[in-house]
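Ligands are counted one by one from 1 in listed order, and the atoms in each one are counted from 1 as well.
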Amino acid sequence: PASLCGTWDMISNVNLEGYMIALGISPFIRKIALRLKLRKVIEQQGDQYIIKTTSNFRNYTVSFRVGQEFQEFTQGLDNKHVKSLVTWEGNKLVCEQIGEKKNRGWAHWIEDDKLHLELYCEGEVCKQVFKKN
Ligand code: RET
């Protein structure tokens, strides 16, 4: 599949609110979060990925090896410990985040030279699209 690597700027963001409500994010933080222009910086070193989500409010970094389960602490998001596993499903890099929330995870893929991201939690789907910076 096309490489996910690079610096990507958000151009659309649908239902971040529903996703954040499902995560239990407070109304105050949700209001700030909805205004943010998020950036993704995705790097790959061998079989290891580093995905940075940045904004002028909060940053979040996760690194993992595809196919290797890891402990993730969602610091600055909902501050939860989850057991995560990232795999390729066709052209999609898919993460399952096992923890107190059901059906939690995400999928990243490239379509039309854009980075597409879906975030899942408890039946809510947030859809974000990023263009290459
Ligand atoms: C903000 C503001 C604070 C509250 C929440 C946020 C959402 C962050 C998200 C990050 C997703 C990261 C992923 C990384 C893995 O590759 C905007 C930081 C909840 C949705 C998918």
Starting from [atom], find the nearest protein heavy-atom neighbour and note its residue, name and distance.
atom: atom 6 (C) of ligand 1; value: L77 CD2, 3.7 Å
atom: atom 15 (C) of ligand 1; value: V62 CG1, 3.4 Å
atom: atom 3 (C) of ligand 1; value: G76 O, 3.7 Å
atom: atom 2 (C) of ligand 1; value: A33 CB, 3.7 Å
atom: atom 20 (C) of ligand 1; value: L119 CD1, 3.5 Å

Just heavy atoms, cut-off under 4.0 Å: does [X] contact ligand 1 by side chain, backbone, both, or neither?
X: I32; value: neither
X: K40; value: side chain
X: H108; value: side chain

request  = Flag yes if more than 12 heavy atoms outside K127 fall under 6.0 Å of its NZ atom; otherwise flag no.
outcome  = yes
task = Show which atoms of ligand 1 fall inside a sub-4.0 Å distance from at least one heavy-atom site of W106.
result = 15 (C), 16 (O), 21 (C)
key: Over-ring placement of K92 relative to W109, 6.0 Å and 45° cut-offs   = yes
inquiry  = Tell me whether C126 reaches ligand 1 (any heavy atom closer than 4.0 angstrom to a ligand atom).
reply    = no
query = Judged by atom type as modelled, is there a donor-acceptor pair below 3.5 Å linking the side chain of T74 to the main-chain atoms of K80?
reply = yes
query = Do R58 side-chain atoms and G76 backbone N/O form a donor-acceptor pair below 3.5 Å?
reply = yes
task = Pick whichever of L4, L34, I51, L38 has a heavy atom sitting closest to atom 16 (O) of ligand 1.
result = I51
query = So, K52 and E43, do they make that salt bridge, N to O below 4.0 Å?
reply = yes
task = Check W88 against L4 and note the closest heavy-atom contact, atom names and distance.
result = CH2-CD1, 4.1 Å
message = Which residue in the set T53, N13, N15 passes side chain to side chain donor-acceptor pair (under 3.5 Å) when paired with Q128?
response = N13
message = For E17 and Y19, which I'm curious about, is there any donor-acceptor pair between the side chains at under 3.5 Å?
response = no
